[in-house]
2 protein chains.
Amino acid sequence: MGVDTPGPAPAADPVEDFAADVFSRRCTSREALEHVTGKWALLAVTALLESPHRFGELRRRVDGVSEKMLSQSLQTLERDGWVHREVRSTIPPHVEYRLTDAGRELAPRLLDLVRFVEGAMPAVHAARAARS
Amino acid sequence: MGVDTPGPAPAADPVEDFAADVFSRRCTSREALEHVTGKWALLAVTALLESPHRFGELRRRVDGVSEKMLSQSLQTLERDGWVHREVRSTIPPHVEYRLTDAGRELAPRLLDLVRFVEGAMPAVHAARAARS
DNA sequence: CGGGATCCGTTAAGATACTG
DNA sequence: CAGTATCTTAACGGATCCCG
């Protein structure tokens with residue numbers, strides 16, 4: 001397209017890389033998507049939809065998660081703006097995690113997915129059993 | 001199990017493990033969820049929502065995926081009953097992947113998630129930049 | 001209580017080559 | 001064309017110890 005356009009039409013505008021589509025290798029949304037759909041991140045966000053949680057509460061709620069992975073997931077979620085972390089410097093320390101506005105838009109979609117897959121489990125087991 | 005249960009009230013019915021909730025460590029739905037939200041699986045399912053694809057077509061559509069990972073993801077998706085694989089034993093071979101009925105219920109939820117995250121990318125970048 | 005730092009085994013992922 | 005087999009490398013993930 002427009003091979004010889006000398007005018008102000010930058011073909012490779014860096015801003016366009018933002019919203020592009022996930023099917024493109026370089027699209028940054030792919031990374032963000034992975035953060036959100038990560039094994040523990042998904043469960044943490046879903047749990048936070050119910051109510052704010054403290055670290056230990058989340059740890060108990062998301063059964064099986066290690067402190068390291070929960071901490072790591074929460075940091076990534078905070079960095080991408082889905083979760084807010086509030087620290088109260090008391091003794092003992094009190095840290096609370098809650099969804100941001102963006103997170104409150106995201107979480108229902110994840111919950112919907114979770115619920116659907118839960119409901120589809122009989123079919124999934126049937127499919128697995130079907131093939132000899 | 002049910003050693004001395006005379007009545008028809010089995011407390012620990014093994015069938016109940018199925019639909020339980022993902023927050024429980026032993027819940028099988030957690031595994032199924034991971035299969036579906038996997039990096040490549042998610043993109044493959046989303047691509048198949050548009051139309052059936054051949055292996056090579058999918059490979060080109062899902063930019064950056066290796067043959068190995070695509071093959072692996074598709075096998076898992078087929079095993080769990082989201083995707084159907086149809087082989088035509090011609091020369092050269094012709095294999096087509098399409099969503100099952102269950103897959104056609106699943107895919108829109110994933111696509112919705114993808115679209116939402118794509119749209120939220122400006123906010124995500126802003127959140128990342130916000131913290132020094 | 002809420003993590004950060006470190007160590008280390010397990011698994012996932014990518015590149016490459018080969019087959020029906 | 002549509003994969004499988006093999007190998008190497010990178011990332012994940014858990015356990016442990018420690019500090020504010």
Side-chain angles (χ1 to χ4, degrees), chain A residues 22-27 30-44 47-48 51-80 83-98 131, chain B residues 22-27 30-44 47-48 51-80 83-98 131:
Chain A
V22 274
F23 290 111
S24 168
R25 183 177 353 206
R26 325 258 288 205
C27 186
R30 215 184 247 192
E31 185 195 26
L33 197 58
E34 284 163 42
H35 290 168
V36 153
T37 57
K39 180 179 180 179
W40 304 120
L42 193 153
L43 293 174
L48 289 178
S51 72
H53 282 67
R54 296 182 57 175
F55 186 85
E57 290 174 339
L58 268 179
R59 178 148 167 48
R60 264 167 270 122
R61 182 94 177 91
V62 182
D63 192 24
V65 70
S66 68
E67 293 182 356
K68 177 187 171 184
M69 293 317 298
L70 180 57
S71 171
Q72 201 172 99
S73 301
L74 287 171
Q75 278 179 34
T76 305
L77 288 171
E78 190 195 4
R79 180 161 181 270
D80 282 6
V83 164
H84 175 71
R85 177 170 178 269
E86 184 185 343
V87 185
R88 229 166 289 164
S89 298
T90 56
I91 295 177
H94 183 104
V95 179
E96 201 165 85
Y97 293 91
R98 63 181 68 242
R131 9 141 291 153
Chain B
V22 273
F23 291 110
S24 168
R25 184 179 351 210
R26 326 259 288 203
C27 188
R30 218 183 245 191
E31 185 195 25
L33 197 57
E34 284 164 40
H35 291 167
V36 154
T37 56
K39 179 179 182 179
W40 303 121
L42 194 153
L43 292 174
L48 289 177
S51 72
H53 283 66
R54 296 182 59 175
F55 187 85
E57 290 174 339
L58 268 178
R59 180 148 166 46
R60 261 166 273 125
R61 182 94 177 91
V62 181
D63 191 24
V65 70
S66 67
E67 295 182 354
K68 178 188 168 185
M69 292 316 298
L70 180 57
S71 172
Q72 201 172 100
S73 300
L74 288 171
Q75 279 178 33
T76 304
L77 288 172
E78 189 195 3
R79 179 160 181 272
D80 282 5
V83 164
H84 176 71
R85 178 170 178 269
E86 185 186 345
V87 185
R88 229 166 290 164
S89 298
T90 56
I91 294 178
H94 183 103
V95 179
E96 201 165 86
Y97 293 89
R98 65 181 67 243
R131 5 143 293 149

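To find a chain, count down the sequence lines: A is the first, B the second, and so on, and within it residues start at 1.
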Reckon B/Arg88 has a side-chain N or O less than 4.0 Å from the OP1 or OP2 of D/dA2? no

Round to the nearest Å and state the distance from B/Arg59 atom CZ to D/dC1 atom P. 12 Å

Let's see if you can work this out: which of D/dC1, D/dG3, C/dC1 has an atom nearest to the side-chain heavy atoms of A/Pro92? C/dC1

To the nearest angstrom, the NZ-P distance between B/Lys39 and C/dA12 comes to 14 Å

Side chain of B/Glu67 (C-beta onward), nearest among C/dG20, C/dG3, D/dT4: D/dT4

Shortest side-chain distance from B/Gln72, nucleotide among C/dA13, C/dG14, D/dT4: C/dA13

Is the phosphate of D/dT4, meaning OP1 or OP2, less than 4.0 Å from a side-chain N or O of B/Gln75? yes

Go through it in stages, so that I can follow the logic: the residues are A/Val87 and A/Arg85, the test is side chain to side chain contact (heavy atoms under 4.5 Å, CB included), and I'd like the CA-CA distance, side-chain angles, deciding distance and then a yes or no. CA-CA 7 Å; A/Val87 185; A/Arg85 177 170 178 269; 3.5 Å; yes

Can you tell me how far the CZ atom of A/Arg60 sits from the CZ atom of A/Phe55, to the nearest 0.5 Å? 10.5 Å

From the set D/dG3, C/dG14, C/dG3, return the single nucleotide nearest to any side-chain atom of B/Trp40. C/dG14

Establish, with yes or no, whether the OP1 or OP2 oxygen of D/dC1 is under 4.0 angstrom from a side-chain nitrogen or oxygen of B/Tyr97. no

Side chains of A/Asp63 and B/Arg30: does their closest heavy-atom pair fall under 4.5 Å? yes

To the nearest angstrom, how far is B/Lys68 atom NZ from D/dT9 atom C1'? 11 Å

Distance in angstrom units between B/Phe55 CZ and C/dG20 P, rounded: 18 Å

Could you check whether any side-chain heavy atom of B/Leu74 comes within less than 4.5 Å of a side-chain heavy atom of B/Leu58, counting everything from C-beta outward? yes

Given D/dT6, C/dC1, D/dA2, identify the nucleotide with an atom nearest to the side chain of B/Arg54. D/dA2

Side chain of B/Ser66 (C-beta onward), nearest among D/dA2, C/dG3, C/dG14: C/dG14

Per atom distances to the B/Met69 side chain, the nearest of D/dC1, D/dG3, C/dG14 is C/dG14

Rounded to whole Å, please give me the gap between CG in B/Leu58 and P in D/dA2. 10 Å

Between CD of B/Glu34 and P of C/dT11 the distance, given in whole Å, is 14 Å

note: B/Leu70, atom CG; C/dG14, atom C1'; distance rounded to Å ~ 14 Å

Counting only side-chain nitrogens and oxygens, does A/Ser71 get under 4.0 Å of the OP1 or OP2 atom of C/dG4? yes

Please report the distance, rounded to the nearest Å, between CD in A/Glu96 and P in C/dG2. 10 Å

Quick one, B/Val65 and B/Leu43 - any side-chain contact, counting heavy atoms below 4.5 Å? no

